[in-house]
Enquirer: 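I'd like to ask you about the structure that follows.
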Amino acid sequence: QVQLVESGGGLVQAGGSLRLSCAASGRTFSSYAMGWFRQAPGKEREFVAASSGSGGNTYYRDSVKGRFTISRDNAKNTLYLQMNSLKPEDTAVYYCAAVQRGFGIVEVRTSEYDYWGQGTQVTVSS
């Protein structure tokens with residue numbers, strides 16, 4: 001069982017930056033592939049970025065490549081999402097999620113994730 005708690009959301013102007021954090025419970029954080037997802041009002045939840053358990057492999061949706069960076073500190077059981085050059089279309093509730101996978105495996109399929117946080121709101125004003 002893994003419990004996830006996101007933080008770091010807020011209101012920012014277009015072009016600004018935010019860093020989201022996801023704190024995980026448990027002693028086997030490195031055995032979990034982790035992902036960030038987002039859901040805007042009236043839209044389905046969508047994949048944003050994912051990291052393997054080691055942190056050595058990552059994957060991003062096209063619209064955030066070059067602007068967002070996913071990283072993790074396994075010693076602190078924490079996942080991060082650094083978001084730069086934010087755009088109004090990035091406005092959404094952001095969720096972190098976890099699923100057990102091999103050390104180098106990245107998981108991008110929303111349906112495969114077993115554990116989810118409660119979400120943190122990110123609002124980008126124009």
Enquirer: Does Glu46 have any salt bridge (Lys or Arg N to Asp or Glu O under 4.0 Å) partners at least two apart in sequence or in another chain, and if so, which?
Expert: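 Glu46: salt bridge (Lys or Arg N to Asp or Glu O under 4.0 Å) contacts with Arg38, Arg61.
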Enquirer: Phe37: which residues meet the ring-ring contact (aromatic ring centres under 6.0 Å, His included) condition with it, sequence neighbours left out?
Expert: Phe47, Tyr113, Trp116
Enquirer: Is it true that Ile70 and Val108 fall in one hydrophobic cluster, defined by side-chain heavy atoms closer than 4.5 Å?
Expert: no
Enquirer: Looking at every heavy atom in both Ser52 and Gly56, which two are closest together, and how far apart are they?
Expert: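 It is OG-N, 3.5 Å.
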Enquirer: Side chains of Phe68 and Trp36: does their closest heavy-atom pair fall under 4.5 Å?
Expert: no
Enquirer: Check the surroundings of atom NZ in Lys65: do more than 12 heavy atoms from other residues, nucleotides or ligands lie under 6.0 Å from it?
Expert: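 Yes, because the 6.0 Å sphere around NZ of Lys65 holds more than 12 heavy atoms from other groups.
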Enquirer: So does Tyr59 have more than 12 non-hydrogen atoms from other groups sitting under 6.0 Å from OH?
Expert: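 Open: at most 12 neighbouring heavy atoms sit under 6.0 Å from OH of Tyr59.
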Enquirer: Taking atom CG of Asp73 and atom CZ of Phe29, what is their separation to the nearest 0.5 Å?
Expert: 8.5 Å
Enquirer: Under a single-linkage definition using a 4.5 Å side-chain heavy-atom cutoff for Ile, Leu, Val, Met, Phe, Trp and Tyr, are Val122 and Tyr95 assigned to the same hydrophobic cluster?
Expert: no
Enquirer: Kindly indicate whether the side chain of Tyr60, heavy atoms from C-beta on, has any atom under 4.5 Å from the side chain of Val48.
Expert: no
Enquirer: Under 3.5 Å, side-chain donor or acceptor atoms of residues 1-10 against the rest of the protein: list the pairs with distances, not counting sequence neighbours.
Expert:
from, atom 1, to, atom 2, distance (Å)
Glu6, OE1, Gln118, N, 3.0
Glu6, OE1, Gln118, NE2, 3.4
Glu6, OE1, Gly119, N, 2.9
Glu6, OE2, Cys96, N, 2.8
Glu6, OE2, Gly119, N, 3.3

Enquirer: Counting C-beta onward and ignoring hydrogens, is there a side-chain heavy-atom pair between Leu20 and Thr120 closer than 4.5 Å?
Expert: yes
Enquirer: Calculate, to the nearest 0.5 Å, the distance between atoms CG and OG belonging to Asn57 and Ser51 respectively.
Expert: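 Atom-to-atom, Asn57:CG and Ser51:OG are 8.0 Å apart.
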Enquirer: Under 3.5 Å, side-chain donor or acceptor atoms of residues 80-89 against the rest of the protein: list the pairs with distances, not counting sequence neighbours.
Expert:
from, atom 1, to, atom 2, distance (Å)
Gln82, NE2, Asn84, OD1, 2.9
Asn84, OD1, Ser17, OG, 2.9

Enquirer: So, using side-chain hydrogen bond (donor to acceptor under 3.5 Å, both in side chains) as the criterion, who are the partners of Ser30 when residues are at least two apart?
Expert: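 With sequence neighbours excluded, Ser30 shows a side-chain hydrogen bond (donor to acceptor under 3.5 Å, both in side chains) to no residue whatsoever.
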Enquirer: Taking all atoms of both residues into account, what is the closest heavy-atom pair of Thr28 and Ser31, and its distance?
Expert: O-OG, 2.7 Å
Enquirer: May I ask you to check whether Glu112 and Thr110 show a side-chain donor-acceptor distance below 3.5 Å?
Expert: no
Enquirer: Kindly write out the residues that satisfy side-chain hydrogen bond (donor to acceptor under 3.5 Å, both in side chains) with Ser21, not counting sequence neighbours, or none if the list is empty.
Expert: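 Per chain and number, Ser21 pairs via side-chain hydrogen bond (donor to acceptor under 3.5 Å, both in side chains) with no residue.
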Enquirer: Are the side chain of Asn74 and the backbone of Gly53 linked by a donor-acceptor contact shorter than 3.5 Å?
Expert: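 Indeed, once roles are kept as given, a pair shorter than 3.5 Å links the two residues.
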